[in-house]
> 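Just passing along the structure, written as structure tokens.
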Amino acid sequence: MSMKWRTANCNNRPRRPLRSVLAALALAAALSGCSLAPQAEEAELIALIEPPQISRKPEYTAAQTTIEMKVNATGKLMSEKQENLHFISDNKRISEVLVKPGEKVSKGQVIAVIETDNLDSQLQKKDIEVRQAELNLIEKLRDDERSAIQQELDQLNYDILVHELEDLKAEMEASKLKAPFDGTLVSFSKKVGDTVKAYEIVGVIADLTRLAVAARFSASDLESIAPGMEAVVNINTAGSHTGKVSRLPLTETAANGEDSLDLYVLIELDKFPPDVQANTPLSASVITERKKNAVLIPPAALRTVSGRNYVLVVEDEGNKREVDVEVGISTATEVEIVKGLSPGQKVIGK
């Protein structure tokens with residue numbers, strides 16, 4: 001403006017020589033440039049400074065909807081029919097392994113064999129002894145002169161030999177580990193030459209065509225679960241599925257550290273997904289409590305002091321007031337207000 005003001009006054013003055021006019025214009029331009037530069041920098045600096053904003057606490061609207069209490073766990077798909085494999089002979093070495101893990105087997109099929117020493121020879125000799133005793137007994141029965149006591153003794157001696165033969169046959173049979181049913185050899189931990197102990201678990205066989213949803217819940221969560229409760233199961237690669245709890249764990253601990261189906265909560269799905277495999281990981285949620293048309297607010301809107309529960313309600317005029325409330329079901333994201341708050345009311349968060 002100073003430059004405009006100066007330019008406007010020069011029009012009323014007498015005309016000066018050209019040299020004087022040019023000198024005056026140059027001086028004016030220099031002076032005006034010096035005076036405007038600081039003002040421009042100051043204006044730019046002011047424009048960059050934004051006024052501070054006063055932080056406001058969030059407001060929430062009380063909603064009326066359904067709230068659910070859930071307990072969560074992880075688990076896997078397991079065979080409904082599964083059995084551990086073991087030998088009953090003690091301190092014997094594996095002489096043959098005829099089936100590899102992952103292969104299917106039929107009921108009675110031999111999976112592995114332990115050493116029998118000279119059991120084959122003993123069995124053959126005993127078989128001959130029994131046959132000889134049988135023939136002798138038949139011959140003696142034709143002799144009517146023998147006493148009843150002698151006949152009974154001969155019969156008892158024969159029976160002893162028969163029992164000894166049966167024991168040898170049972171021992172020979174016990175040297176063979178056989179499949180108890182049609183299925184798949186899931187695992188086998190021994191190889192040829194390894195020593196096994198009596199009833200030591202050496203493998204697992206399962207019917208992989210019959211799978212069950214098995215989940216391990218904590219002891220505290222188990223107290224709130226009952227058969228028939230609704231559940232949601234998320235199976236890796238197979239998506240989410242609905243179902244119901246069909247059975248609680250039958251035992252808390254398994255013998256010999258085995259992974260038994262009896263340790264798990266079983267969930268029956270409404271529709272079992274196809275093309276899933278045993279041991280596929282999953283997560284499960286069981287709905288232990290549900291309430292419809294509940295008034296809900298987020299946990300951040302509930303205030304608790306010395307056992308008192310209250311909220312800050314925003315009135316239509318913008319005023320705030322404390323309102324005591326009664327709390328019902330609470331989850332990590334929702335709190336049910338049983339008394340003291342109506343749907344649609346606005347409350348202030350912390």
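Values reported hereafter were calculated over all heavy atoms of this structure, with side chains retained and with hydrogens, waters and symmetry mates removed. Computed from a prediction, not measured in an experiment: that's the story for all the values here.
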> Under a 4.5 Å side-chain heavy-atom rule over Ile, Leu, Val, Met, Phe, Trp and Tyr, are V327 and V313 clustered together?
yes

> Is there a donor-acceptor contact under 3.5 Å from the side chain of Q109 to the main chain of S106?
yes

> Could you walk me through whether E83 and V204 pass the side-chain contact (heavy atoms from CB on, under 4.5 Å) test, one step at a time?
CA-CA 6 Å; E83 189 170 318; V204 176; over 6 Å; no

> Backbone N or O of S285 within a donor-acceptor pair of the N72 side chain at under 3.5 Å?
no

> Rounded to the nearest 0.5 Å, what separates atom NZ in K178 from atom CG in L85?
13.5 Å

> Below 4.5 Å, heavy atoms only, C-beta onward: do Y310 and V323 meet side chain to side chain?
no

> Establish whether V130 and L168 are linked, either directly or via other cluster members, by ILVMFWY side-chain heavy-atom contacts under 4.5 Å.
yes

> Are the side chains of F217 and V245 in contact, using a 4.5 Å heavy-atom criterion?
no

> Considering only heavy atoms from C-beta outward, does the side chain of E115 approach that of K92 to under 4.5 Å?
yes

> Indicate yes or no: does E230 engage R290 in a salt bridge with an N to O separation below 4.0 Å.
yes

> Do V314 and Y60 sit in the same hydrophobic cluster, where Ile, Leu, Val, Met, Phe, Trp and Tyr count as joined when their side-chain heavy atoms come under 4.5 Å apart?
no

> Quick check on E268: does its CD atom have over 12 non-hydrogen neighbours (other residues, nucleotides or ligands) under 6.0 Å away?
no

> Could you tell me which non-hydrogen atom of S95 sits nearest to which non-hydrogen atom of V192, and how far apart they are?
O-CG1, 3.8 Å

> Applying salt bridge (charged side-chain N to carboxylate O under 4.0 Å, His left out), run through E200 and K190 and close with a yes or a no.
CA-CA 11 Å; E200 174 190 2; K190 299 294 183 178; 3.1 Å; yes

> Quick one: are E80 and D207 in side-chain contact, heavy atoms under 4.5 Å?
no

> Test side-chain contact (heavy atoms from CB on, under 4.5 Å) on N279 and L77; report intermediate values, then the result.
CA-CA 5 Å; N279 296 318; L77 294 178; over 6 Å; no

> Tell me, do P249 and D262 make a side-chain contact under 4.5 Å, heavy atoms counted?
no

> Using modelled atom types and a 3.5 Å cut-off, is there a donor and acceptor pairing between side-chain atoms of R303 and backbone atoms of G349?
yes

> Kindly compute the distance separating CG (L165) from NZ (K169), expressed to the nearest 0.5 Å.
4.5 Å

> Atom CD1 in I337, atom CG in L302: separation rounded to 0.5 Å?
5.5 Å

> Any non-hydrogen side-chain atom of T74 less than 4.5 Å from a side-chain atom of L282?
no

> Where do I201 and S189 come nearest, in terms of heavy atoms and distance?
O-OG, 4.0 Å

> Flag the pair I128 / Q124 as yes when at least one side-chain heavy-atom distance between them is below 4.5 Å, and no otherwise.
no

> Closest approach of A284 and V233, non-hydrogen atoms and distance?
CB-CG2, 4.2 Å

> Would you compute the distance between atom CG of D127 and atom CD of Q122 and round it to the nearest 0.5 angstrom?
13.5 Å

> Determine whether more than 12 heavy atoms belonging to other residues, nucleotides or ligands lie under 6.0 Å from atom NZ of K350.
yes

> Evaluate the side-chain contact (heavy atoms from CB on, under 4.5 Å) criterion for residues F272 and L211: first the C-alpha distance (whole Å), next the side-chain angles of each, then the deciding distance (0.1 Å), finally the verdict.
CA-CA 9 Å; F272 207 93; L211 298 179; 3.8 Å; yes

> Give a yes-or-no answer on whether the side chains of T304 and N309 include a donor-acceptor pair shorter than 3.5 Å.
yes

> To the nearest 0.5 Å, what is the distance between CZ (F188) and CG (L177)?
6.0 Å

> Whether the side chain of D90 engages the backbone of A198 through a donor-acceptor N/O pair (distance < 3.5 Å, no angle test) should be reported.
yes

> Examine distances only and state if a side-chain atom of T184 and a backbone atom of V186 form a donor-acceptor pair shorter than 3.5 Å.
no

> Any ion pair linking E164 and K126 (charged N to carboxylate O, less than 4.0 Å)?
yes

> Output, in order, the C-alpha distance, side-chain angles, deciding distance and verdict of side-chain contact (heavy atoms from CB on, under 4.5 Å) for E322 and R308.
CA-CA 11 Å; E322 294 183 359; R308 174 199 175 203; 3.0 Å; yes

> Distance only, no hydrogens: is a donor on one side chain within 3.5 Å (strictly under) of an acceptor on the other, for Q132 and N136?
no

> Quick one: hydrophobic cluster around L296, which other residues, with the 4.5 Å side-chain cut-off, linked directly or via members?
I67, M69, I329

> For L263 and R216, which heavy atoms make the closest approach, and how far apart are they?
O-CD, 3.4 Å

> Using atom types as modelled and distance alone, determine if a side-chain donor or acceptor of R93 lies under 3.5 Å from a backbone N or O of G193.
yes

> I need the minimum non-hydrogen distance between L341 and A62, along with the two atoms involved.
CD2-CB, 3.9 Å

> Examine L261 and V276 and state if one hydrophobic cluster contains both, with Ile, Leu, Val, Met, Phe, Trp and Tyr joined whenever side-chain heavy atoms are less than 4.5 Å apart.
no

> Out of curiosity, does M78 fall in the hydrophobic cluster containing L208 (side-chain heavy atoms, cut-off under 4.5 Å, transitive links)?
no

> For a quick test of reading the model, state the closest non-hydrogen atom pair linking A301 to V311 and the distance between them.
O-CG1, 3.4 Å

> Would you check if Y264 and V213 make a side-chain contact, meaning some heavy-atom pair closer than 4.5 Å?
no

> Could you measure the distance from the CD atom of Q345 to the CD atom of E59? Nearest 0.5 Å is fine.
12.5 Å

